[in-house]
Protein chains: 2
Amino acid sequence: MEMDARKTVILQAIIRNYLETGEPVGSRTISKDTDLNLSSATIRNEMADLEEMGYIEQPHTSAGRIPTDKGYRFYVDTMMEAKDREMSEMKDVLLERQDRLEDMLRSVVKLLAQDTKYGAMITAPSTHSNKLKFIQLSRVDTAHLLAVIVIEGNVIRNRILTTQEELDEETVLKLNMLLNTQLSGVPISEINLSMIAAMKQQAGIHSGVIGEVIDAVAEAISEEDLQVYTSGATNILRYPELADNEKASQLINTFEEKALLGDLLTPEGTEGESETGIQVYIGSETKVQGMQDCSVVTASYELGDGLRGTIGIVGPKRMDYDKVVGTLKQLRTKLDDLYRNG
Amino acid sequence: MEMDARKTVILQAIIRNYLETGEPVGSRTISKDTDLNLSSATIRNEMADLEEMGYIEQPHTSAGRIPTDKGYRFYVDTMMEAKDREMSEMKDVLLERQDRLEDMLRSVVKLLAQDTKYGAMITAPSTHSNKLKFIQLSRVDTAHLLAVIVIEGNVIRNRILTTQEELDEETVLKLNMLLNTQLSGVPISEINLSMIAAMKQQAGIHSGVIGEVIDAVAEAISEEDLQVYTSGATNILRYPELADNEKASQLINTFEEKALLGDLLTPEGTEGESETGIQVYIGSETKVQGMQDCSVVTASYELGDGLRGTIGIVGPKRMDYDKVVGTLKQLRTKLDDLYRNG
DNA sequence: GTTAGCACTCTATCTCAATGAGTGCTAACA
DNA sequence: TGTTAGCACTCATTGAGATAGAGTGCTAAC
């Protein structure tokens, strides 16, 4: 059985209709909805073929048809028309919040959830493979040092260190000089043992502190590495197919436990559509346990100086792919532009 | 109608039973459960009295009785026996995470939710009415300054400032000196306009920067002031009386929008039980919209150096008050101890 | 290849009766 | 006067038909 033009039109009509209504679609509906001028009986024949090919299925005998994962996939790959959608408020947010990355992400993800009516998530741009800009040690009191670590892209991490030895202001100044001469501009991934050893040697009797600082740098960076912001978890309760207690609980929980979303939001290699930066995972295609009844659309974004993050939308399999993909495309370029010009 | 000993016993039995089962309690059940040796008919008479007094009600004729808000209130005020409950894992968390306040709070709130099976929330200790420890300005590049603000209790805030004028290292050093001499040890609430004016004057041509730094200090402190961590939002789906789509959606949403929880978690004056630091809000007693079907138990805690925060548990009105109050009492003292000894 | 017609299937909805838990009231009892 | 047995009554819940309606697959005619 091969896919011809007419079958494509019919499949498209079925999916479009199902996306709108969420109800199984019958042959009569299609007969009237399309301008093929075919009777319902003819549509029925075609539908039987489409079912045999695995694009649609019946929830039960004597019900209309609903798309299968394969059907959605076909739709997304060949029939989708991503609408370029402006989110008016988004612009303001992007302009205002430029100074506080965290706030900006929170606002973006919230607006995204409100606008799409699906669950939204966004990762803070990853700092991996980026350069240390500078390190600032300050004496807090006799036993504590404050280490402020600034990474290319003005990402700031700080940590309080408990020192074994008492350090006076002068020593702290020296250590600052040493650390910055050695580490400024060095990609984090390139800090290796021999560099550390060299610094420890130069630090002389204070080598212990150097070790602690380096540890703190490593920890500060790796620990908060994948920060995920989410919004609109409760939106999934809007969709009856996800709203039963069992599923909803698991899904909302996954949103709460942001760590579980990591797999979704860390792009792995370049697959299919990834030249556009947008990926669609339908039902069982997802990598995350307990999301088999959902679809996930992710988009990568980049903040000018090499900081990369990912945006994700989680909704029912019958989500409005056109709208979601369009919105993400738009947002993606907005974010890219923003920091290129900012 | 006055409350006598027997009525108290019966009311207690009704509430205890209802807390366990969640089902309306009938007269026969009470007749057998208590050791009063009364027939169900007698119990019925007493129940009619209790209903008239407003402590219990019937969901419909020919159903058993369930406690009213007033009934719960009576229970909590006079009949509750808070069990001192150890949470074994909690100890480890408190010991391990001492260094990273944020992580500690996240772990605590998560364990609390898991242990109680209710929704849990905790505020980061408030920095209000605390003293500035020191301010550190550093030059990031020609146009940007990094301001690190450390508050008593080692709470750190940082901010990147865009400066109008170019500043060399020396100037930054001077500004640092100036800021710290003037502001170190000063309670945040006492920074006023005349102090700022004085500093600006001393800063001479760099007075603009001083203004920006002060703004940043104010902003940094006020903005993230009430940081709320939550966990276990989905636990409310366990309780049928809260699990219908309408209510559940609103409740989980409130959890997501942590800002809305602020009212719950900012103690206002000293009411009823507050000498123990524990407050119980039953049903309509709550201050937050959309939580009329819940009860909320809050406990204040203090981290040694005057930092105060609040822990909250949200559950159905038929929550296990004994357990929750016991757990919070325990946790509260654990937290207090921790930083006193740490 | 397309269509009208028809029997068939299955879900959803409604009604109706039966069940059972629990009550309130009355009259008898200690 | 407080307690209890007994009984009629109420009302939510449950399950069993009965019914309607949507939609299909198949056949035969166009």
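In what follows, chains are A, B, ... by sequence order, proteins preceding strands, each numbered from 1.
- Taking 4.0 Å as the cut-off between side-chain N and carboxylate O, B/Asp69 and B/Arg73 do not count as a salt-bridged pair.
- With sequence neighbours excluded, no residue forms a salt bridge (Lys or Arg N to Asp or Glu O under 4.0 Å) with B/Arg44.
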Exercise for the section: Report the C-alpha distance between B/Lys110 and B/Asp115 in whole Å, list the side-chain angles of each, state the deciding distance to 0.1 Å, and finish with yes or no for salt bridge (charged side-chain N to carboxylate O under 4.0 Å, His left out). Expected result: CA-CA 9 Å; B/Lys110 191 170 165 184; B/Asp115 182 79; over 6 Å; no

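- A salt bridge between A/Asp33 and A/Arg28 is absent, with no side-chain N of the basic residue lying under 4.0 Å from a carboxylate O of the acidic one.
- The nearest whole Å value for the distance from the CD1 atom in A/Ile14 to the P atom in D/dG23 is 12 Å.
- Atom-to-atom, CG of B/Asn17 to C1' of C/dG22 comes out at 14 Å; the value is rounded to the nearest Å.
- Atom CD1 in B/Ile56 sits about 14 Å away from atom P in C/dG22, given to the nearest Å.
- To the nearest 0.5 Å, atom CD1 of residue A/Ile56 and atom CD1 of residue A/Ile10 are 9.0 Å apart.
- Searching all strands for a Watson-Crick or G-U wobble partner of C/dA12 with both distances below 3.5 Å returns D/dT19.
- Partner assigned to C/dG5 is D/dC26, using Watson-Crick or G-U wobble distances below 3.5 angstrom.
- Across the protein-nucleic acid pair, A/Ile43 atom CD1 and C/dG1 atom P stand 16 Å apart, rounded to whole Å.
- With 3.5 Å as the limit, one finds no donor-acceptor pair spanning the side chains of A/Arg318 and A/Tyr72.
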Exercise for the section: Would you check, one step at a time, whether the test side-chain hydrogen bond (donor to acceptor under 3.5 Å, both in side chains) holds for B/Ser295 with B/Tyr321? Expected result: CA-CA 9 Å; B/Ser295 280; B/Tyr321 295 98; 2.7 Å; yes

Handout entry: Footprint string (nucleotides 3-8 of chain C, 5' to 3'): B base within contact, S backbone only, - free, heavy atoms under 4.0 Å
Key = BBB---

Contact list (N/O, under 3.5 angstrom) for nucleotides 18-21 of chain D vs protein:
none

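- A/Thr230 and A/Lys258 form a side-chain donor-acceptor contact under 3.5 Å, judged by distance and modelled atom types alone.
- A/Glu57 and A/Arg65 are not joined by a salt bridge, as no carboxylate oxygen comes within less than 4.0 angstrom of a charged side-chain nitrogen.
- Distance CD (A/Glu46) to C1' (D/dG25): 15 Å, rounded to an integer number of Å.
- At the phosphate of C/dT23, OP1 or OP2 sits under 4.0 Å from a side-chain N or O atom of B/Arg65.
- A straight line from CD of A/Glu51 to C1' of D/dG25 spans 11 Å, rounded to a whole angstrom.
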